[in-house]
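Following: one structure in structure tokens, then a few remarks.
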Amino acid sequence: MISTRFAPSPTGFLHVGSLRTALYCYLIAKQNSGKFLLRVEDTDQKRSVEGAIPAVLDALKWAGIEPDEGVVGFENNDVVEKGDCGPYLQSKRLKIYEQHANILLEKGCAYYCFCTPERLAQVRERQEKNHEASGYDGHCRELDINEIKNNLSANVPYVVRLKMPKTGVTEFTDLIKGKVSFKNEFVDDQVLLKTDGFPTYHLAVVVDDHLMAITHVIRGDEWLSSTPKHIYLYECFGWEKPVFAHLPLLLNADKSKLSKRQGDVAVGDYIKKGYLPEALINFVAFLGWNPGDDREIFSLAELAKEFSLEKVNKSGAVFNLEKLDWYNKYYLRQLSNEQVAELVLPFFGDKIKDLRLKIEDFANVIGLEKGRVTTLAELPEAVGFVFNLPDYLADMLIWKKSSPEEAIKILSELKDWLNTKSVQPKNKIDWEKRVGEWIVQKSYSNGVVLWPLRVALSGQEKSPGPYEIAAVLGKDEVLKRLEVALIKLK
Ligand code: GLU
């Protein structure tokens, strides 16, 4: 069985790059009828941020990529877990890491290190001064057994370090990068277990990926150089290694590493801005991957069928917001007015109460602008003219081939005609038919009538067409707005 895991550290919001990692993990699990697991890597307690776990879970839920196992929820200030390999919060697994650190010590794959922080600082300083590679200098690698025993019985603080072989190379085939090779002499003797008994990421990740039967380790590029350490640990334990896939970096348009300074990086920011999950998922899936032809629209289910790690690019993927906008517009248009109306309600906030509209009427209002905006967040302002006619300049009412006198004449005639009882257009088609007939009967051109009508109804330079607006406003409001236009013109 194929198992993947998403292993966030609860240090803040969910980054769009992490959403991509989670998505690719999810897709690989789904396309193989496997399991997608969520493990929380909170071994660096200093960096843990309150509220980060529920925030990550909420963002994944919003995106539709929920874990099958592991941490699956958050209730009463604690995680909700599912599965037989838990706990899935690393801070609850300290005993397991200690046991495994002991196995490594016994096997000679790790060693006690009693170096003080002061000594380590001196080593670092010396290395910097001499422009040497940074890393532990191996001082405690070959300590005498009696010295170790004495230190331990005297309770001298220690860490457990990886005893990385210093000759040869570590090679592995990454599903994305291909064959990768690291010279062991440059791989640091990483701390595995800290003085406070907490493991570091490197020990915890290997132990957990093995005990949780993870077959595919899919993660960001930044972990590639740590992989030789992990591979050595698998070998020390005598465990089968998972497949590794390191995803390319996300880049700003100027090819620098994607950073907050150049725009939003939190999934929550995109939710707040009114992007749809379908759009963000489709967009994120294409950051570094494409199906090899010109298709661009993929639902989550379609992605699960077509996605493959082998087709992920080796080099960085540019985060192009225009493309995200393009996806969002596309997916907004795919939704019915009612669906968009429902999704947009939170964006109206309290204002919605003042509108006192029936939901069908509200959906019609939303339908006016659904195809014209980029995000849900733009909709309240975009449809504002329906509720409150904006103040506008009389000049706007005059079509380029017309005059104020003609505009007054036409709008007055139109108003008088509309005021008769027999004219009761119900919907857009009706409005189009009735007003269209009237235009023909009067031998006017379309432009000379429809331009001032549209401006009178919207109060805006650009807006949806007059028939659509009239259908949403209804005859009484149309008459009022024609009156306003005539007052402005006179
Ligand atoms: N906790 C690590 C992170 O947040 C996970 C790295 C991995 O997937 O191995 O980046």
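Indexing begins at 1, ligand by ligand and atom by atom, following the structure's order. Side chains included, hydrogens not; waters and symmetry mates left out as well; all remaining heavy atoms used.
Counting only heavy atoms of the protein, atom 8 (O) of ligand 1 lies nearest to Arg5 NH1, 2.7 Å. If you check which protein heavy atom lies closest to atom 1 (N) of ligand 1, you get Glu41 OE1, 2.6 Å. Nearest to atom 10 (O) of ligand 1 among the protein's heavy atoms is Trp223 NE1, 3.2 Å. The protein atom (non-hydrogen) at minimum distance from atom 3 (C) of ligand 1 is Ala7 O, 3.8 Å. The protein non-hydrogen atom at the shortest distance from atom 7 (C) of ligand 1 is Tyr201 OH, 3.3 Å.
For the pair Arg141 (side chain) and Met164 (backbone), a donor-acceptor distance under 3.5 Å is present. Checking side-chain atoms of Lys30 against main-chain N and O of Leu303 turns up no donor-acceptor pair under 3.5 Å.
Considering both main-chain and side-chain atoms, Val217 never comes within under 3.5 Å of ligand 1 through any nitrogen or oxygen pair. Residue contacts with ligand 1: Glu222 is placed with no nitrogen or oxygen under 3.5 Å of a nitrogen or oxygen of the ligand (distance criterion only).
The ring of His210 has its center no closer than 6.0 angstrom to the ring center of Tyr234. Aromatic pair Phe283/Tyr270: ring centres not closer than 6.0 Å.
Salt bridge Asp209/Lys241: absent, no basic N to carboxylate O contact under 4.0 Å.
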Does the ring-ring contact (aromatic ring centres under 6.0 Å, His included) test come out yes or no for Tyr327 and Tyr275, once each step is laid out? CA-CA 9 Å; Tyr327 274 120; Tyr275 286 92; over 10 Å; no
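No part of Phe6 comes within 4.0 Å of ligand 1, judged by heavy-atom distances.
Note on residues 23-60: pairs passing ring-ring contact (aromatic ring centres under 6.0 Å, His included), not counting sequence neighbours, are Tyr24-Phe307, Tyr26-Phe36.
Close approach to Val205 involves these atoms of ligand 1, each under 4.0 Å from a residue heavy atom: 9 (O).
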